[in-house]
Amino acid sequence: MATKTKFIEGEKVLCFHGPLIYEAKCLKVQSKEKEKPVKYLVHYAGWNKNWDEWVLESRVLKLNDANLQRQKDLQDAHAASLKQKKAAKKFLEKKREGGSGGGRNGGAGSGGEDSRSSTPSTDGSSKRASSAAPADAAQSSDADNKDDATEAKKKKLKIDSTVETVSEAQFLC
């Protein structure tokens, strides 16, 4: 005995797909067992057959004026939601542009430097150090250069197996 279903094969229906309702056609009905829920194979009108899917009865609606109005209301609400999200995203982008770096127009206190990076500039710190103690700044910059050179060597140090290695004593002779 087959259970009674709300929709029949070939009937035009409305079907939820995501947050919206679309017009569809019921292609097949699956109601073999009483314990299992009724499923419908639906084809969405105007869509490729790759979008055909088996859906539960809870996602399918009768094609009538009340449900068509519900479809329209959901589409309007969804469009408004997308518009609101787009406006919020635009607002956040403008806020990020105007919020960092103190702004270009009112930068009287910035001393003419318009840096938008989150890390402090090394130029600004060395200028302050050089005005306070020129000899100390020169020594510290030499030490920094040596540290940078040593670090660069560590990063580049890779032994090529095709090249013959020569000891330092052999090289100097």
Side-chain angles (χ1 to χ4, degrees), residues 1-129 144 147-148 151-158:
M1 284 186 167
T3 59
K4 188 172 180 178
T5 60
K6 290 183 181 179
F7 309 99
I8 60 171
E9 291 181 13
E11 184 178 355
K12 288 189 176 186
V13 294
L14 293 173
C15 187
F16 279 95
H17 186 82
L20 300 176
I21 300 173
Y22 298 93
E23 288 186 37
K25 182 178 182 180
C26 181
L27 299 177
K28 290 184 182 178
V29 180
Q30 184 182 48
S31 63
K32 293 181 180 177
E33 299 176 21
K34 289 184 179 182
E35 297 86 34
K36 290 194 176 183
V38 178
K39 293 182 182 179
Y40 300 94
L41 178 63
V42 295
H43 170 75
Y44 297 100
W47 292 32
N48 188 314
K49 69 179 181 178
N50 292 334
W51 289 97
D52 292 0
E53 62 180 342
W54 287 96
V55 297
L56 295 175
E57 196 169 52
S58 60
R59 285 181 49 190
V60 185
L61 303 169
K62 285 278 187 194
L63 185 61
N64 58 30
D65 291 336
N67 288 334
L68 286 170
Q69 184 60 43
R70 186 175 176 188
Q71 176 189 30
K72 185 181 181 306
D73 292 344
L74 278 175
Q75 286 175 336
D76 292 345
H78 186 68
S81 172
L82 291 177
K83 198 173 191 178
Q84 186 178 15
K85 284 181 184 180
K86 189 176 181 181
K89 185 177 178 183
K90 200 172 191 179
F91 174 76
L92 288 175
E93 287 174 357
K94 284 185 178 181
K95 188 175 179 182
R96 280 190 212 126
E97 287 176 7
S100 64
R104 293 181 183 200
N105 297 337
S110 64
E113 296 177 19
D114 189 18
S115 173
R116 292 184 172 262
S117 66
S118 59
T119 52
S121 172
T122 56
D123 297 337
S125 62
S126 64
K127 286 178 185 176
R128 280 185 239 121
D144 290 342
D147 290 339
D148 291 345
E151 189 140 344
K153 286 181 184 177
K154 286 180 184 177
K155 289 181 181 176
K156 291 181 182 178
L157 182 63
K158 289 186 180 179

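Just so we're clear, the structure is a prediction, and the values are computed from it rather than from any experiment.
- Here the OH atom belonging to Tyr40 is positioned 6.0 Å from the CZ atom belonging to Phe7, to the nearest 0.5 angstrom.
- Pairing each heavy atom of Ser31 with each of Thr5, the nearest pair is OG-CG2, 3.9 Å.
- Looking at Lys25 and Val13, their side chains never come closer than 4.5 Å, going by heavy atoms from C-beta outward.
- Residue Lys4 holds its NZ atom at 11.5 Å from CD1 of Ile8, rounded to the nearest 0.5 Å.
- The aromatic rings of Trp47 and Tyr44 sit tilted, their planes meeting at an angle between 30° and 60°.
- Applying the side-chain contact (heavy atoms from CB on, under 4.5 Å) criterion to His78, with sequence neighbours excluded, gives Pro19, Leu20, Leu82.
- Here the NE2 atom belonging to His17 is positioned 6.5 Å from the OH atom belonging to Tyr22, to the nearest 0.5 angstrom.
- Looking at heavy atoms from C-beta onward, Phe16 lies out of side-chain contact with Val60 at the 4.5 angstrom threshold.
- In terms of heavy-atom proximity, Val55 sits nearest to Cys15 at CG2-SG, 4.0 Å.
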Determine all donor-acceptor pairs shorter than 3.5 Å in which one atom belongs to a side chain in residues 64-73; sequence neighbours excluded.
from, atom 1, to, atom 2, distance (Å)
Asn64, OD1, Ala66, N, 3.4
Asn64, OD1, Asn67, N, 2.8
Asn64, OD1, Asn67, ND2, 3.3
Asn67, ND2, Lys62, O, 2.8
Gln69, NE2, Asp73, OD1, 2.9
Gln71, NE2, Ile21, O, 2.8
Lys72, NZ, Asp76, OD2, 3.2

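- Across every non-hydrogen atom of Glu53 and Arg59, the tightest pair is OE2-NH2, 2.8 Å.
- In terms of heavy atoms, Leu14 sits closest to Glu23 at CD2-CG, 3.7 Å.
- Within a 6.0 Å radius of CD in Gln84, no more than 12 heavy atoms belonging to other residues, nucleotides or ligands are found.
- Within the 4.5 Å cutoff, no side-chain heavy atoms of Val42 are placed close to those of Leu27.
- Distance check, rounded to the nearest 0.5 Å: NZ of Lys36 to CG of Leu56 gives 12.0 Å.
- Going from atom CD of Glu97 over to atom CD of Glu93 covers 7.0 Å, rounded to the nearest 0.5 Å.
- Rounding to the nearest 0.5 Å places NZ of Lys39 at 14.0 Å from NZ of Lys28.
- The pair Lys6-Glu11 fails the salt-bridge criterion, with no side-chain N (NZ, NE, NH1 or NH2) lying under 4.0 Å from an Asp/Glu carboxylate O.
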